Structures are given as structure tokens and as C-alpha cells.
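Everything on this sheet refers to the single structure shown next.
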Amino acid sequence: MKTFLVALVTTVLATGLGVPARAATTHARATLPCAESSGVTRAAALAKIKIWMAGDSTMMNASTCPIGWGSQFAPYFTTDVTVQNSAVGGRSIQTWLYEGNVTSTKNSAGECVLSSTAYSSRWTAMLDTSAGMKTGDYLFIQFGINDGTSACPRHVGSARFKELLGVMASAAKARGAKPIFVTPVAAITCSGSTAVGNRGFVTETKDAATANGVPVIDLHARSVALYNQLKLCPNNGDYTQGAVGAFFCNDHTHFEAAGARQIAALITTALRDQNIGLAAYLA
């Protein structure tokens with residue numbers, strides 16, 4: 001029966017329609033399937049950890065539109081997990097890291113000049129030796145939606161984007177935390193009755209993952225597949241009605257709570273599909 005239930009939950013999440021069976025704050029710990037053969041229970045095998053999140057508006061915490069998928073993430077996990085979501089709307093990877101120190105001037109390489117290399121308070125908090133990332137924690141990093149802006153301070157070139165992903169990954173690893181790169185979630189763009197990809201920095205995210213030995217979740221591809229499964233195309237550009245209106249805010253990019261939950265479910269499905277260790281903590 002347990003094997004059947006686990007398979008059922010996995011199938012539901014894979015459709016992108018899954019929702020947490022119960023909030024992490026009320027979930028009773030269960031025995032892990034992989035631990036059953038060795039007689040080790042979840043309570044004995046897993047330490048309490050924290051998930052740290054760095055990203056833009058499609059990931060950030062909010063109670064009304066736009067609601068980022070990160071705000072819907074915690075209920076998918078057991079009480080062994082705490083989520084610290086530090087995603088902020090409108091940020092590129094560089095403005096997130098160096099808040100207030102990215103100027104509107106480009107250098108000869110076409111990159112925005114930094115007035116100071118001092119990190120933002122949000123990244124400094126993650127790096128703190130006492131209260132920041134610890135051994136066993138995870139760091140989710142998702143940027144690329146705002147980075148393609150041509151003007152500074154949000155502009156980030158391909159090489160710089162990959163460099164900064166590497167900086168963040170190295171810092172996490174140095175503290176014993178495990179970074180996970182996430183490609184930018186897709187907006188809803190239709191080509192007739194088919195939803196199509198529309199984000200940059202997908203290849204750069206994958207390249208940086210390979211270069212740094214970091215797992216990458218291709219949320220861009222998974223979100224496009226979900227939109228097609230839900231038949232959100234074609235649409236007439238009215239994001240206030242029907243299935244599209246239930247999923248998205250009154251634009252083609254940001255999510256209502258229901259949409260954000262389904263995007264978060266795609267991440268949990270990827271954790272299982274890709275055998276990422278964090279999957280052991282899923283409720």
C-alpha cells in the first residue's frame with residue numbers, strides 16, 4: 001500500500017497539478033522507502049536542514065499577485081525542513097548580490113560597473129558563519145528573467161552570469177551546503193495552440209551547472225510542458241479569465257497562488273526524477 005501511495009503522489013506531482021497533501025508544520029514523519037530495507041527510519045536518518053532561496057519575482061514570497069513559487073515550497077516538505085526565501089522582485093543575479101552597488105554605467109566589456117564589491121545584506125546573511133548556510137543545507141538559485149535587460153543596473157552578460165553563479169555555488173559548497181541551479185521559469189507565450197519557450201539564460205544556467213558540478217533543474221522546459229498539458233494556449237492575451245487567469249496574474253509572467261503551487265510541484269517532481277538528495281525530505 002505504501003509503495004502504491006508514493007507512486008500515486010509522484011504521478012500527481014508530475015502532472016504539475018499536485019498540491020501538498022498537508023502542510024509541513026503538521027506532517028507526521030514517515031519511514032523512507034529507501035530506508036525500509038536497512039531498518040532506518042526518517043527520524044533517525046535525516047537531520048534538520050534549511051533550504052535557502054535566491055531569485056527574482058517568480059520565486060519571491062508574496063500573499064497576492066505576483067506570488068513566487070518559492071512562497072509555496074515549504075508545505076511540500078516535512079518538518080525537518082525550514083525554508084528561507086530571499087528572492088526579490090526585479091533583480092538580476094548581479095543586483096541581487098550587490099544591491100545598491102551596481103551603477104548605470106557599462107565598462108568596455110559591456111558589463112555594469114560596480115561602485116563597490118560589498119555584498120547585499122541578503123547574501124551576507126546567507127554567508128554568516130553562525131546563522132547562515134550550514135552543512136546539509138540546500139541553496140536554490142534562479143535568475144535570468146531580468147538579466148537580459150539591455151540597460152544597467154540589471155543588465156548581465158552571459159559570461160558574467162555564469163561567473164556569478166559559480167561564485168554563489170562555491171560559497172555554498174565552502175559552507176557544506178548543496179547548491180541547485182534552476183533555469184528561469186517560462187512566461188506563457190503561445191504559437192497557435194502550443195506554448196513555447198521564451199526565456200534567455202537557460203543555456204548559461206546549464207553550462208554553469210556543468211562547470212561547477214551542480215545539479216540543474218530545467219524549470220523553463222518543465223513549465224512550458226505544464227502549460228501545454230493544461231492547454232493554456234491559444235489565448236487572446238486576456239490573463240484575467242479561464243485557466244490562464246487562474247494560473248497567472250494579469251500579465252503573462254507572474255503567478256496566482258494556484259499557479260505558483262503548480263510551479264513549486266514541478267521542482268519537487270524534478271528532485272525525485274533527478275535523484276537529488278533533498279527528495280528524501282519531501283512529505
Side-chain angles (χ1 to χ4, degrees), residues 9 12-21 23-24 50-77 81-93 96 122 138-147 179-189 195 197-199 201-202 205 215-230 232 239 243-274 276 278-279 281-283:
V9 171
V12 172
L13 286 175
T15 66
L17 298 172
V19 296
K50 180 174 283 190
I51 295 173
W52 303 82
M53 308 187 79
D56 53 41
S57 60
T58 60
M59 180 193 269
M60 71 178 185
N61 284 340
S63 57
T64 58
C65 262
I67 298 174
W69 64 264
S71 69
Q72 308 297 305
F73 206 35
Y76 285 97
F77 295 91
V81 176
T82 302
V83 176
Q84 176 63 50
N85 187 359
S86 297
V88 185
R91 272 42 172 200
S92 64
I93 189 171
W96 189 93
R122 64 184 72 95
Y138 284 82
L139 171 63
F140 281 79
I141 307 170
Q142 180 209 271
F143 290 100
I145 291 177
N146 301 305
D147 307 66
I180 298 174
F181 294 165
V182 182
T183 61
V185 63
I188 178 66
T189 301
N198 43 55
R199 296 297 190 198
F201 294 92
V202 173
T205 303
V216 58
I217 294 175
D218 192 354
L219 184 57
H220 185 260
R222 287 177 180 267
S223 56
V224 170
L226 174 62
Y227 303 159
N228 280 312
Q229 180 184 331
L230 296 177
L232 299 185
Y239 304 107
V244 172
F247 199 102
F248 289 93
C249 304
N250 190 19
D251 61 18
H252 69 295
T253 298
H254 298 103
F255 309 118
E256 296 280 1
R261 281 194 295 272
Q262 293 179 71
I263 296 299
L266 295 180
I267 298 292
T268 65
T269 299
L271 292 175
R272 287 195 173 99
D273 289 348
Q274 297 174 218
I276 295 172
L278 182 57
Y281 288 89
L282 289 170

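Quick caveat, the model's predicted, so the values are computed rather than measured.
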Which residues satisfy the salt bridge (charged side-chain N to carboxylate O under 4.0 Å, His left out) test with Arg122, sequence neighbours excluded? Glu99

Any side-chain heavy-atom pair of Met53 and Met59 under 4.5 Å: yes

Is the closest side-chain heavy-atom distance between Trp96 and Ser86 below 4.5 Å? yes

Side-chain donor/acceptor of Arg91 to backbone N/O of Gly89, under 3.5 Å: yes

Could you pull out all residues at least two apart from Asp251 that satisfy side-chain hydrogen bond (donor to acceptor under 3.5 Å, both in side chains)? His254

Going by side chain to side chain contact (heavy atoms under 4.5 Å, CB included), Val182 matches just one of Leu266, Ile267, Val216. Which one? Ile267

With sequence neighbours excluded, tell me which residues meet side-chain hydrogen bond (donor to acceptor under 3.5 Å, both in side chains) with Asn85. Asn61

Using the test side-chain hydrogen bond (donor to acceptor under 3.5 Å, both in side chains), find all partners of Ser223 that sit at least two apart in sequence or belong to another chain. none

Please name all residues satisfying ring-ring contact (aromatic ring centres under 6.0 Å, His included) with Tyr227, sequence neighbours left out, ordered by chain then number. Phe247, Phe248

Minimum heavy-atom distance between Pro215 and Pro179, given as atom pair plus value: CD-O, 3.6 Å

Looking only at atom types and distance, does a side-chain atom of Asn228 sit under 3.5 Å from a main-chain N or O of Val224, one as donor and one as acceptor? yes

Quick one: CG on Leu282 to CD1 on Ile276, what's the gap to the nearest 0.5 Å? 10.5 Å

Is any side-chain heavy atom of Val202 less than 4.5 Å from a side-chain heavy atom of Asp218? yes

Does a side-chain N-to-carboxylate-O contact under 4.0 Å join Asp273 and Arg222? yes

Using distance only, find each side-chain donor-acceptor pair of residues 62-70 under 3.5 Å and give its atom names and separation, not counting sequence neighbours.
unit_1, atom_1, unit_2, atom_2, d
Trp69, NE1, Gln142, OE1, 3.0

For the residue pair Phe181 and Phe140, is the inter-centroid distance of their aromatic rings smaller than 6.0 Å? no

Test your reading of the model: is there a side-chain donor-acceptor pair from Asp56 to the backbone of Asn146, 3.5 Å cut-off? no

Let me confirm one number: the CG-OG1 distance from Leu232 to Thr189, rounded to the nearest 0.5 Å. 11.5 Å

Can you find a heavy atom in the side chain of Thr82 that is under 4.5 Å from one in the side chain of Ile51? no

Atom pair CZ/SG of Phe255 and Cys249 - distance to nearest 0.5 Å: 8.5 Å

Given 3.5 Å as the limit, does a donor-acceptor pair link the side chain of Asn198 with the main chain of Ala187, or not? yes

Heavy-atom side-chain proximity of Leu219 to Ile263 below 4.5 angstrom: yes

Testing the basics here: between Gln72 and Ala260, what is the closest heavy-atom pair and its distance to 0.1 Å? CG-CB, 3.6 Å

Is there a side-chain contact between Ile217 and Leu271, using heavy atoms and a 4.5 Å cut-off? yes

Rounded to the nearest 0.5 Å, how far does CH2 of Trp52 lie from CG of Leu139? 9.5 Å

Are the side chains of Ile188 and Tyr239 in touch, meaning some heavy atoms are under 4.5 Å apart? yes

Arg199 and Thr183, any side-chain heavy atoms less than 4.5 Å apart: no

Say whether, by atom type as modelled, one donor and one acceptor occur between the side chain of Tyr138 and the main chain of Leu278 under 3.5 angstrom. yes

